[in-house]
Amino acid sequence: MRVSVFTEPHRGASYDDQLRFARHTESCGYDGFLRADHYRAMGDEPALPGPTDAWLTLAALARETSRIRLGTLVTSATFRLPGPLAVMVAQVDQMSGGRIELGIGAGWYEREHTAYGIPFPGVRERFDRLAEQLEIVTGLWRTPSEGRFNYSGEHYQLVDAPALPKPVQRPGPPVIVGGRGPKRTPELAARYADEFNMPFTSVPQAAAAYERVREACDAAGRTDSGRQPLVLSAGIVVAVGRTDAEARRRAAPLHRPSALPPEDPVVGSPAQLVERIGEFAAVGATRVHLRLIDLADLDHLELIAADVLPQLDGPQ
């Protein structure tokens, strides 16, 4: 079981806060550090000092870390054009020595779009744009260095793109697609992704989503194509402590009003987190992303590293 840490800097974190947390994540032995791609908090709190851009942050962290995987859960397809996004991610992959992962989704939080003047089309168009972005980004990475990439879609057109720079990872950084959607999300994951992530739901909900993804892979011919099977991963909201009081303190932010859908957090002891991870493993997950709320709480990282990671099979 691979264990990564997932953070939400839009709740209120500077770059220095994220750097400190990412370095500690690396020193504690986790597999990766991934962050959300949002421009404002989900509630009415001020979330000082304000937003930080996901890919600017990851570019800097790429030079300040040496081992951990770095990426997004997930980049919003509404925020960036696919050609520049492919360039951006490939460059950060070079800067990291080949440690980048691109989690990408259709975008859903309308409030941050209206706040910063970002167009927010209807859900069908957002998913159409996501599909085109996935085809363009992966197509640019796969095109030979001396070749050209052309694309003509409903929303994006590329003419004689030089398909440069190339990422270190070939054919490209792992692509993560995930979410609770019952139809298009599994189809897109089956066609384009290296990992399917089910974020912050119960084990039965994740198991049902994994089955839909397996069916989509069969329908797309992925199972017989020779491609690597999809990595199945789960996001887990975590607030654990050495005592019940410590766990409740860490869980306090979960009770604030939020635009997020209902979640199924682990609030309690490290042993309860080990049990939950085992339940996800039993339904097919081989990776978990632990959402830790407070980026100043380095002790939370250390507790999980000491009391949870050693009980899981395989390298973290």
Side-chain angles (χ1 to χ4, degrees), residues 1-4 6 31-32 34 69 71-77 82 85-86 89 93 100-108 123-124 126-143 151 153-154 167 169-236 261 264 276-289 313-314:
M1 179 65 70
R2 297 167 58 201
V3 182
S4 294
F6 170 66
D31 176 68
L34 291 89
R69 308 288 300 176
T72 50
L73 278 180
V74 293
T75 282
S76 175
L85 177 63
V89 177
D93 195 54
I100 291 299
E101 304 184 11
L102 171 63
I104 185 168
W108 63 273
V123 63
R124 180 173 181 175
R126 295 201 308 275
F127 269 90
D128 289 344
R129 287 179 176 272
L130 171 62
E132 291 192 21
Q133 289 215 2
L134 283 162
E135 187 165 354
I136 291 166
V137 170
T138 57
L140 283 165
W141 290 340
R142 286 174 168 80
T143 298
Y151 181 83
E154 181 179 354
Q169 299 175 92
R170 293 300 184 94
V175 172
I176 305 170
V177 170
R180 309 184 190 198
K183 182 173 174 56
R184 295 200 70 182
T185 298
E187 290 172 352
L188 291 173
R191 185 172 179 184
Y192 296 108
D194 301 282
E195 176 178 331
F196 172 80
N197 176 253
M198 190 60 171
F200 318 122
T201 61
S202 69
V203 174
Q205 287 175 307
Y210 295 162
E211 185 58 32
R212 290 193 294 269
V213 169
R214 293 186 185 102
E215 292 172 356
C217 287
D218 289 342
R222 179 174 180 139
T223 306
D224 301 322
S225 68
R227 291 181 62 189
Q228 289 292 325
L230 270 176
V231 171
L232 300 176
S233 68
I236 309 175
D264 190 21
R276 180 70 62 83
I277 293 173
E279 291 170 350
F280 277 115
V283 299
T286 58
R287 188 183 194 189
V288 291
H289 302 280
D313 293 335

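All values derive from a computational prediction rather than experimental measurement.
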Do other residues, nucleotides or ligands put more than 12 heavy atoms under 6.0 Å from R170 CZ? yes
So which heavy atom on R287 is nearest to which on I176, and how close? NH1-CD1, 4.2 Å
To the nearest 0.5 Å, what is the distance between NE2 on H289 and CG on L73? 5.0 Å
Can you name the ring-ring contact (aromatic ring centres under 6.0 Å, His included) partners of F6, sequence neighbours left out? F200
I need the Y210 OH to L232 CG distance, nearest 0.5 Å. 6.0 Å
Determine the minimum heavy-atom distance between M198 and A209, stating which atoms define it. SD-CB, 3.7 Å
Residues two or more places apart in sequence or in another chain: which of them pass side chain to side chain donor-acceptor pair (under 3.5 Å) with E215? none
Separation between CG of L85 and CD1 of I136, rounded to the nearest 0.5 Å: 10.0 Å
Can you tell me how far apart OG1 (T72) and CG (L34) are? Round to the nearest 0.5 Å. 7.0 Å
Interatomic distance, R191 atom CZ to T138 atom OG1 [nearest 0.5 angstrom]: 8.5 Å
Heavy-atom side-chain contact between P173 and V89 under 4.5 Å: yes
What pairs with S233 under side chain to side chain donor-acceptor pair (under 3.5 Å), at least two apart in sequence or on another chain? E195, N197
Give me each pair satisfying salt bridge (Lys or Arg N to Asp or Glu O under 4.0 Å) with a member in residues 203-212, each pair once, sequence neighbours excluded. E211-R214
Please give me the minimum heavy-atom distance between I100 and R69, naming the atom from each residue. O-NH2, 3.4 Å
Output all residues satisfying side chain to side chain donor-acceptor pair (under 3.5 Å) with S76, sequence neighbours left out; order by chain, then residue number. T78
Note: F280 and A206 closest approach over all heavy atoms is CE2-CB, 3.6 Å
What are the two closest non-hydrogen atoms of V137 and P82, and how far apart are they? CG2-O, 3.6 Å
Could you tell me whether E187 and K183 have a side-chain N and a carboxylate O separated by less than 4.0 Å? yes
Smallest separation among heavy atoms of F196 and A189, with atom names: CD1-CB, 3.9 Å
Residues 127-135, side-chain donor-acceptor partners within the protein, below 3.5 Å, at least two apart:
from, atom 1, to, atom 2, distance (Å)
D128, OD1, R184, NH1, 2.7
D128, OD1, R184, NH2, 3.0
R129, NE, E125, OE2, 2.9
R129, NH1, Y156, OH, 3.3
R129, NH2, E125, OE2, 3.2
E132, OE1, H155, N, 3.2
E132, OE1, Y156, N, 3.2
E132, OE2, E154, N, 3.0
E132, OE2, H155, N, 3.3
Q133, NE2, A77, O, 2.9
Q133, NE2, R80, O, 2.9
Q133, NE2, Y156, OH, 3.1
E135, OE1, Y192, OH, 3.3

Between S4 and V288, is the side-chain contact (heavy atoms from CB on, under 4.5 Å) condition met? List the steps. CA-CA 6 Å; S4 294; V288 291; over 6 Å; no
Side-chain contact, heavy-atom cut-off 4.5 Å: V3 with D31? no
For A86, is there any backbone N or O sitting under 3.5 Å from a side-chain donor or acceptor partner on W141? yes
